[in-house]
Amino acid sequence: VGNALAERVLAGHVPSAARVIRRLEDRDDEGREALAELYPQSGRAQIVGITGPPGAGKSTLVDRLISVLRSRGKSVGVLAIDPTSPYSGGAILCDRVRMQSHAADKGVFIRSMATRGQLGGLARAADDAAVVLDAMGFDVILIETVGVGQDELDIVKLAHSTIVVCLPGAGDEIQAIKAGIMEAADLFVLNKADLPGAEEAESHLSTLVHLEAGEGRWERPVLRAVAETGEGVPAVCDALSKHAAHLHESGEFVRRSADRARHGLFERLHDLTRERIQRSIDAHADLQALVDAVMRRELDPYAAADRVLEKLVSLRGRDGSDA
Ligand SMILES: Nc1nc2c(ncn2[C@@H]2O[C@H](COP(=O)(O)OP(=O)(O)OP(=O)(O)O)[C@@H](O)[C@H]2O)c(=O)[nH]1
Ligand SMILES: [Mg+2]
């Protein structure tokens, strides 16, 4: 390993990991250089997405999961994603306070991440952060996100195991969760089982899950919990270990990890291509003229796109520039 920062991360130095994650969020070269060394060391952690409607008790559950996982000798990285309050930091502060009890534990790393306005940026940042924690050697990485938007669906796609947290009397909220997230769920937790209506909610959920059951497919458990007291949380942990074992035995772990890596590559290719094309158009008047022609409706967008691409290829061939 030639990169000093990456070396410190691999040695388990928490502030260095936080620094790499921050640098990657800032799309800084220092972050990229460290990631280059860390990436080959990643791929062992079980990445767990925890999603569900706002206020379902996801953070409370994560906090309890940390305790149970620690008692079982697992180290735990946590990424708390908050797309709803990018600037206030209010919710982030709440989560920080709630999870503070683990602050002194070296086997736990907790980081909050908020969107900075770039579309899809959050999923990319979460992916990068997960790679850093994975390379650092954390056994389990918990990623908490609210299950309502496209960014969240992208984040769920990063996970090996996805927990959808539901609560009683929230039929509508379950409907509001992106359909893709319900499909991606590997286990359901009916939290706040201490509240009235838990039984109905559980049977409603079980019916839904049963309808989608497929032959040879992982049988998705519906587990009741009271995250506030910790009741039912060890069973959630058991289900997670069982799912991990299932993933490894079926070859699905390798498959999901490979899919995730390929997906990550294509996402970044997409970003890079977009950025480079934009830069080239800004720098070349004849490309800008094609954009203007479309805006004046003198040229259709397909034809213009073809010509922009042709032009980019010839620019690249001629001067080897970063077209
Ligand atoms: N009665 C009851 N309340 C709970 C339980 N678990 C969590 N809560 C409460 O529900 C509220 C929301 O909990 P959070 O853990 O912040 O929920 P969340 O899903 O992380 O919320 P967001 O991140 O804001 O979407 C808090 O006031 C918790 O104390 C539970 O099992 N029973
Ligand atoms: Mg939360």
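Heavy atoms only: backbone and side chains are in, while hydrogens, waters and symmetry mates are out. Numbering of ligands and ligand atoms starts at 1, following listing order. Computed from a predicted model, the values in this text were never measured in an experiment.
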Polar contact flag for V226 and ligand 1 (N/O pairs, less than 3.5 Å): no
Residue part near ligand 1, for L195, under 4.0 Å between non-hydrogen atoms: side chain
Ion pair check, K157 and D127, cut-off under 4.0 Å: no
T60 N/O/S atom closer than 2.8 Å to the Mg ion (ligand 2): no
NE2 (H270) with more than 12 external heavy atoms under 6.0 Å: no
Option with minimal heavy-atom separation from atom 11 (C) of ligand 1, where the choices are R64, K192, E144: K192
Per-residue contact class, L61 against ligand 1 - non-hydrogen pairs under 4.0 Å: neither
Part of T229 within contact of ligand 1 (heavy atoms, under 4.0 Å): neither
R307 atom CZ, neighbour heavy-atom count above 12 within 6.0 Å: no
Closest approach to the Mg ion (ligand 2) by E144, given as the N, O or S atom name: OE2
Carboxylate-amine/guanidinium proximity below 4.0 Å for R220 and D186: no
Distance-only donor-acceptor hits, side chain of residues 231-242, under 3.5 Å, sequence neighbours excluded:
| unit_1 | atom_1 | unit_2 | atom_2 | d |
| --- | --- | --- | --- | --- |
| D238 | OD1 | R72 | NH1 | 2.8 |
| D238 | OD1 | R72 | NH2 | 2.9 |
| S241 | OG | C237 | O | 3.1 |

Test: R44 and D134 ion pair at under 4.0 Å: no
Under-4.0 Å salt bridge between E228 and R64: no
The one among A193, P53, G55, A225 that brings a heavy atom closest to atom 12 (C) of ligand 1: G55
Numbering as shown, the atoms of ligand 1 that approach D194 to under 4.0 Å (heavy-atom distance): 1 (N), 2 (C), 30 (C), 31 (O), 32 (N)
Contact atoms of ligand 1, heavy-atom distance to P54 under 4.0 Å: 25 (O)
